[in-house]
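Following: one structure in structure tokens, then a few remarks.
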Amino acid sequence: KDLNASAETVDVLHTDAVSYPTDVSQSFALYRQGLAVAGNTSVTVFTATGRQVLSQSIQYQNPVAVGSGKYLLVYELGGTQYSLYNSYTQIFSGRTQEPLRGAAVSSSGMYALITQSAQYPSVVELYDSGFDLTGRYPYNAYVTDVALNAKGTMLAVVTSASANGVFSTRLHVYQPGSTEKLSELEVSDSLGLRCAFTENGNIAILCGGGVYYASVRGTLEAEHSFEGKNLSCADLNESGCAVVLKKSGNSAENEIIVFDKSGKMLYNRTAVEKADAIVLCGGAVFLKQPDGVLRIKSADGAETKVPCTTDQRTLLAVDETRVLLCSPQKAVYYRFGN
């Protein structure tokens, strides 16, 4: 079924759109092939067919939605509240003692929260699917991101610390349930930004100066330096990593690079088109441009463009043929060819 078959969400202009309450601050996430919208006052979830299955009231100043597998995690960035949902209801709400800086959730129901303490700039708290604290990891550095693999059997933490004006970014890997750290690796001398487990079990790490892939045992498997170019936007997930680099100075040229799950470069070209967001999904990469969305297939570089309004909209890729553009009022599906 697709959205056109859903009579409940027929919109005057688009039969393939879903509407939700407008809020001052909003966060959008894909959840079970559908859409989750977290606002200041409510969490709304739609199925892949556009049917609304959840509408829950919350009071979060700066909500962030993170979806994975069976679970949706919504937390208050800079606040202490967070809540977990399945497709139908809120299953848990909790509070941390210190402000939340980030979070990750696994398909297994295990989740990790980035917070802080009086003694440490960053602390990662790990919880099991029963919402019980199973691990607490303090750092004398700033945690910039955390990731859990799908089974919840591996936790990756990226930290950055500055000494004498030089960054040191490290990857820390843990096996939940074990008190010992599985591995630690110095990754880069630039600021760590994000990390993700790829489909083959490696960890992709995005830094300001390059992309790095490491094994859970702490071996550097692949690296690619940005060679002084500025990172405009990026996406990191189980498929790999995609980046848009801007050449220094007043150059209008952008470099688009796509890496696979092992860190192998699949695609690299220089373009003059602007792009303020890039989304990687399987073998396709989508670029949000001022006048529409461009899809590039990594295998052969084939391009398809759908003209549409993209200003102040969040781009999400449902699969290799469909994207969502989310505005404050509604999300519209756009379809590409095969």
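- Ring geometry, Phe131 versus Phe92: the interplanar angle falls under 30°, so the pair is classed parallel (tilted spans 30 to 60°).
- One side chain, Tyr85 or Gln90, offers a donor N or O that lies under 3.5 Å from an acceptor on the other.
- Side chains of Ser262 and Asn200: a donor on one and an acceptor on the other come within 3.5 Å.
- Leu77 approaches Arg101 most closely through the heavy-atom pair CD1-O, 3.6 Å.
- Between the Thr310 side chain and the Gln289 main chain, a donor and an acceptor come within less than 3.5 Å of each other.
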### Task
With side-chain contact (heavy atoms from CB on, under 4.5 Å) as the test, would you mind laying out the steps for Cys241 and Tyr213 before giving the verdict?
CA-CA 10 Å; Cys241 179; Tyr213 282 69; 3.7 Å; yes

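- Annotation for Gln329: atom CD counts as buried by contact number, over 12 foreign heavy atoms lying within 6.0 Å.
- At a threshold of 4.5 Å between non-hydrogen side-chain atoms, the residues Ile278 and Val285 count as touching.
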### Message
Between Thr159 and Tyr142, does the side-chain contact (heavy atoms from CB on, under 4.5 Å) criterion hold? Intermediate values first, please.
### Response
CA-CA 5 Å; Thr159 62; Tyr142 287 95; over 6 Å; no

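- Proximity of a side-chain donor or acceptor of Asn254 to a complementary backbone N or O of Val272 within less than 3.5 Å is not detected.
- Between Tyr212 and His224, the distance from one ring center to the other does not fall under 6.0 angstrom.
- Linking Ile, Leu, Val, Met, Phe, Trp and Tyr whenever their side-chain heavy atoms come within less than 4.5 Å puts Val187 and Phe197 in one cluster.
- Under the 3.5 Å distance criterion, with hydrogens and angles disregarded, a donor-acceptor pair is assigned to the side chains of Ser83 and Tyr60.
- A donor-acceptor pair under 3.5 Å is formed between the side chain of Ser122 and the backbone N or O of Val143.
- One N or O on the side chain of Ser225 and one on the backbone of Glu227 form a donor-acceptor pair closer than 3.5 Å.
- If you check the side chains of Arg32 and Ser87, you find a donor sitting under 3.5 Å from an acceptor.
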### Query
Given Phe336 and Phe286, is the ring pair (Phe, Tyr, Trp, His ring centres under 6.0 Å) satisfied, shown in steps?
CA-CA 11 Å; Phe336 293 77; Phe286 298 91; 5.3 Å; yes

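- Ion pairing between Lys297 and Asp300 fails under the 4.0 Å rule for side-chain N and carboxylate O.
- Criterion: ILVMFWY side-chain heavy atoms under 4.5 Å apart, direct or through other members. Under it, Leu245 and Leu193 are part of a common hydrophobic cluster.
- In this structure, Gln116 and Pro121 approach most closely via the heavy-atom pair CB-O, 3.4 Å.
- Residue-environment remark: NZ (Lys305) exceeds the threshold of 12 foreign heavy atoms within 6.0 Å.
- Put simply, Val279 and Val293 are part of the same group of oily side chains (I, L, V, M, F, W, Y) that touch within less than 4.5 Å, one to the next.
- For Thr41, the side chain to side chain donor-acceptor pair (under 3.5 Å) partners are Asp23, not counting sequence neighbours.
- Formation of a donor-acceptor pair under 3.5 Å by the Tyr333 side chain with backbone atoms of Leu324 is not found in this model.
- With hydrogens and angles ignored, the 3.5 Å screen pairs a side-chain donor or acceptor of Gln26 with a backbone N or O of Pro328.
- For the atom pair CG of Leu54 and CG of Leu72, the computed distance is 8.0 Å after rounding to the nearest 0.5 Å.
- Using a 4.5 Å heavy-atom threshold, the side chains of Val158 and Thr169 count as touching.
- Glu253 CD to Lys247 NZ: the interatomic distance, rounded to the nearest 0.5 Å, is 4.5 Å.
- Looking at heavy atoms from C-beta onward, Leu100 lies out of side-chain contact with Val64 at the 4.5 angstrom threshold.
- The backbone N or O of Gly130 lies less than 3.5 Å from a partner atom in the side chain of Asp128, making a donor-acceptor pair.
- The distance between the ring centers of Tyr137 and Tyr174 falls below 6.0 angstrom.
- Contact between Ala275 and Leu287 at its shortest, heavy atoms only, is CB-CD2, 3.7 Å.
- Using a 4.5 Å cut-off on side-chain heavy atoms (C-beta onward), Glu303 and Leu294 make contact.
- Clustering ILVMFWY residues whenever any of their side-chain heavy atoms sit less than 4.5 angstrom apart, transitively, puts Val318 in a cluster other than the one holding Leu236.
- In terms of hydrophobic clustering, with Ile, Leu, Val, Met, Phe, Trp and Tyr side chains grouped at heavy-atom distances under 4.5 Å, Phe28 and Val66 are assigned to different clusters.
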Identify all side-chain donor-acceptor contacts of residues 108-115 below 3.5 Å with residues at least two apart in sequence or on another chain.
| from | atom 1 | to | atom 2 | distance (Å) |
| --- | --- | --- | --- | --- |
| Ser108 | OG | Ser106 | OG | 2.8 |
| Ser108 | OG | Met110 | N | 3.3 |
| Tyr111 | OH | Tyr82 | OH | 3.0 |
| Thr115 | OG1 | Glu98 | O | 3.2 |
| Thr115 | OG1 | Pro99 | O | 3.1 |

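- Residues Val74 and Ala38 come closest through the heavy atom pair CG1-CB, 3.8 Å.
- Glu76 contributes a side-chain N or O that, together with a main-chain N or O of Gln61, makes up a donor-acceptor pair within less than 3.5 Å.
- When only modelled atom types and interatomic distance are considered, Arg217 and Ser183 share no side-chain donor-acceptor pair under 3.5 Å.
- Remark: Asn40 CG to Ser25 OG distance equals 5.0 Å, nearest 0.5 Å.
- Side-chain contact of Arg269 with Tyr267: a donor-acceptor pair under 3.5 Å is present, judged by distance alone.
- A side-chain donor-acceptor contact under 3.5 Å links Gln81 to the backbone of Gln59.
- Remark: Glu184 engages Arg170 in a salt bridge, criterion side-chain N to carboxylate O under 4.0 Å.
- Using a cutoff of 4.0 Å between basic side-chain nitrogens and carboxylate oxygens, Glu255 and Lys229 are scored as salt-bridged.
- The local environment of CD in Glu186 is crowded, with over 12 non-hydrogen atoms from other residues, nucleotides or ligands closer than 6.0 Å.
- The two residues Cys207 and Phe226 come nearest to each other via the heavy atoms O-CE1, 3.5 Å.
- No side-chain heavy atom of Asp189 sits under 4.5 Å from any side-chain heavy atom of Phe167.
- Around the OH atom of Tyr139, the shell of radius 6.0 Å holds more than 12 heavy atoms that belong to other residues, nucleotides or ligands.
- Within a 6.0 Å radius of NZ in Lys181, more than 12 heavy atoms belonging to other residues, nucleotides or ligands are found.
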### Query
Stepwise, does the side-chain contact (heavy atoms from CB on, under 4.5 Å) test hold for Leu35 with Val18?
CA-CA 9 Å; Leu35 174 68; Val18 293; 4.1 Å; yes

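- Here the side chains of Arg295 and Thr321 are in contact, with some heavy-atom distance below 4.5 Å.
- Counting all heavy atoms, side chain and backbone alike, Tyr88 lies closest to Asn86 at N-OD1, 2.9 Å.
- A side-chain donor-acceptor contact under 3.5 Å links Asp235 to the backbone of Leu280.
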### Task
List the steps, then state whether side-chain contact (heavy atoms from CB on, under 4.5 Å) holds for Asn268 with Ile256.
CA-CA 6 Å; Asn268 184 0; Ile256 303 160; over 6 Å; no

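- When side chains are defined from C-beta on, Leu325 counts as touching Lys288, because their heavy atoms get closer than 4.5 Å.
- In terms of the side chain to side chain donor-acceptor pair (under 3.5 Å) criterion, Thr144 has no residue partners (sequence neighbours excluded).
- At least one side-chain heavy atom of Leu148 sits less than 4.5 Å from a side-chain heavy atom of Leu126.
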